[in-house]
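Here the structure is laid out as structure tokens; the discussion comes afterwards.
Residue numbering restarts at 1 for every chain, and letters A, B, ... go by the order of the sequence lines.
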Protein chains: 2
Amino acid sequence: MGRLQNPAGKASPAVVDTEADDIGKEEPRKGRLRLDAVKSIRKMIFSGELAPGERLREVALSEELGMSRTPIREAFRTLAGEGLIDLLPNRSVIVSVPDKSEAADVFTVLGALEALAGQLATQRMSLEQIEILGELHADLAHYFETANRLAYLEANRLIHEYIVEASDSPSLVLAWRLLLPRAERARHVTTLDHDRWAEAFQEHCEIYAAIVARDEARLKQLLESHFANGVESLKKSEARKRATERAEIYAGRSG
Amino acid sequence: MGRLQNPAGKASPAVVDTEADDIGKEEPRKGRLRLDAVKSIRKMIFSGELAPGERLREVALSEELGMSRTPIREAFRTLAGEGLIDLLPNRSVIVSVPDKSEAADVFTVLGALEALAGQLATQRMSLEQIEILGELHADLAHYFETANRLAYLEANRLIHEYIVEASDSPSLVLAWRLLLPRAERARHVTTLDHDRWAEAFQEHCEIYAAIVARDEARLKQLLESHFANGVESLKKSEARKRATERAEIYAGRSG
DNA sequence: ATAATAATTGTTGCATGCAATTTATCCGAC
DNA sequence: GTCGGATAAATTGCATGCAACAATTATTAT
């Protein structure tokens, strides 16, 4: 098993393709093994392949991802910073177990952050930026009308990201980026029902209008309620899901 | 926050690994080298020993801190997550250069976070927690009256931390802790003049009163203005400092 | 002398080995 | 049969070595 170097060796098929560059701002040039590890492990957590509370062993992951333990270890530090895994002293690292209310929690905090982002952005956005946002909003509208759920969610994320970055507040962007993976994880376990979808889109239209009008106070309020409504919908969805799970248990289904 | 059991019943705050808050240990214990590195490097950045933009070389740091490159490298990942350093692809790591308005920026965001924390805390705090907060506030008052500036700042930090943790919102705590080092760095370059000190203490008294009264709306407003006032004072202080520096340059002083 | 290029040095990225510590297994006592 | 302790296996933390990449200096051509 003594693998020497792995130069240019795409020999390992287990590596997932790395297309989206969600979080890192480092250019994925050469030393990308660590970043690949971060993305792969994050994906595993989102997909549920790694269950909450599950132990992450360095050797197992390194073999699965076709790299040595070092980049895995370093990826752990990054993921720990995102709160996706917990580093226990001399013991294994485990996938953090999301509190049952984590989804609501993270959206609440994101709501506060984006409300502030909206305030700052209305003051600081250039006309070009508002124009770009208009295009993004048009995309969103298109995906809503064509009922393209996945594309809509991506456009939605882009808009929120754009507003946050337009706040021109490095700390705000930093904190927002930190929480984003958790929100994504939360989103992966919930579903967007159609009523909420329509409502959310309507809210987005108002948000866009408030930005164009540079109505700071209104935008803040809109963003706050946008997230609060999302949390509400989420809680309902969760309650429904729990009820379904209970029903399955009673029906004798185990998996 | 995603932790399984709380080991040995130590009612530790809701934070995961990040960095354990032990006080200085000279003995090269085991399993803590990485955390020591994080703390040491952070301190160097705060103290200015490592200037913004300065390159961090792994070997130099490892020799200075008496450890190998590995824990240094891992510490870099953590610090990069905090935004204190920037990781360039295959090049050196550099101390991130704080934007000249970073202090105001980070305090603005912290203000929004703590305003939310206050809202949540008023709903969720137990009577015991309020009692503990009362003790912390009494400490603060004592240090204010005895004009013990350093102890006051520490007590101040403890109170804010306690409120944040009392929010019982893992995401909020996570984001807050992320920004804290930046705020500390900002604080290290500013001074608290006496007028602002008195004003801030007065605000703290009102904050405490609002918590006892569980007046959510008022607390939120108080915290917001508490931070806004802090930012204001900061900007004035910065302007003063810049003026002084200019004067020194004209006077021919270089150090 | 200057500019382009090649050799050299320095630094980061990754792999691997070893020691320390934790976790798991087995055996005996109650 | 269950609990407790000693031993063995597994796993993490750290150190170190090697190769790739970047920066720097030396060399050569114009």
Listed partners of [X] passing ring pair (Phe, Tyr, Trp, His ring centres under 6.0 Å), at least two apart:
X	result
A:Y152	A:W197
B:F227	B:H160
A:Y162	none

Nearest whole Å is fine: how far is [N] [atom2] from [X] [atom1]?
X	N	atom1	atom2	answer
B:I72	D:dT16	CD1	C1'	15 Å
A:I85	D:dT12	CD1	C1'	13 Å
A:R34	C:dT12	CZ	P	14 Å
B:D86	C:dT12	CG	P	15 Å
B:E74	D:dC14	CD	P	7 Å
A:L33	C:dT12	CG	C1'	13 Å
A:D36	C:dA15	CG	P	12 Å
B:L88	C:dT12	CG	C1'	11 Å

Would you please confirm or rule out a distance under 4.0 Å between OP1 or OP2 of C:dG13 and any side-chain N or O of B:R77? yes

On the nucleotide C:dC14, are OP1 or OP2 found under 4.0 Å from the side-chain N or O atoms that A:T70 carries?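 Looking at the OP1 and OP2 atoms of C:dC14, neither is under 4.0 Å from any side-chain N or O of A:T70.
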
List in chain and number order the residues that pass side chain to side chain contact (heavy atoms under 4.5 Å, CB included) with A:S167, two or more places apart in sequence or in another chain; answer none if no residue qualifies. A:A117, A:L120, A:S169, A:L172

Could you tell me whether the side chain of B:R42 reaches within less than 4.5 Å of the side chain of B:E184, counting heavy atoms only?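 With C-beta onward as the side chain, the pair stays apart.
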
Test: A:R149 and A:E154 ion pair at under 4.0 Å: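 A salt bridge is absent here (no side-chain N lies under 4.0 Å from a carboxylate O).
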
What donor-acceptor contacts under 3.5 angstrom involve side-chain atoms of residues 59-66 of chain B, with partners at least two apart or in another chain?
| residue | atom | partner | partner atom | Å |
| --- | --- | --- | --- | --- |
| B:S62 | OG | B:E58 | O | 3.3 |
| B:S62 | OG | B:V59 | O | 2.7 |

Nucleotide nearest A:R73 when distance is taken to its side chain, options C:dC14, D:dG13, D:dC14: D:dG13

Under the 3.5 Å rule, do the base of D:dG13 and the side chain of A:R69 count as making a donor-acceptor pair?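 Under the 3.5 Å cut-off, the side chain and the base do form a donor-acceptor pair.
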
Just the atom pairs and distances: protein N or O near nucleotides 7-11 of chain C's N or O, under 3.5 Å.
| residue | atom | partner | partner atom | Å |
| --- | --- | --- | --- | --- |
| C:dT11 | OP1 | B:R57 | NE | 2.8 |

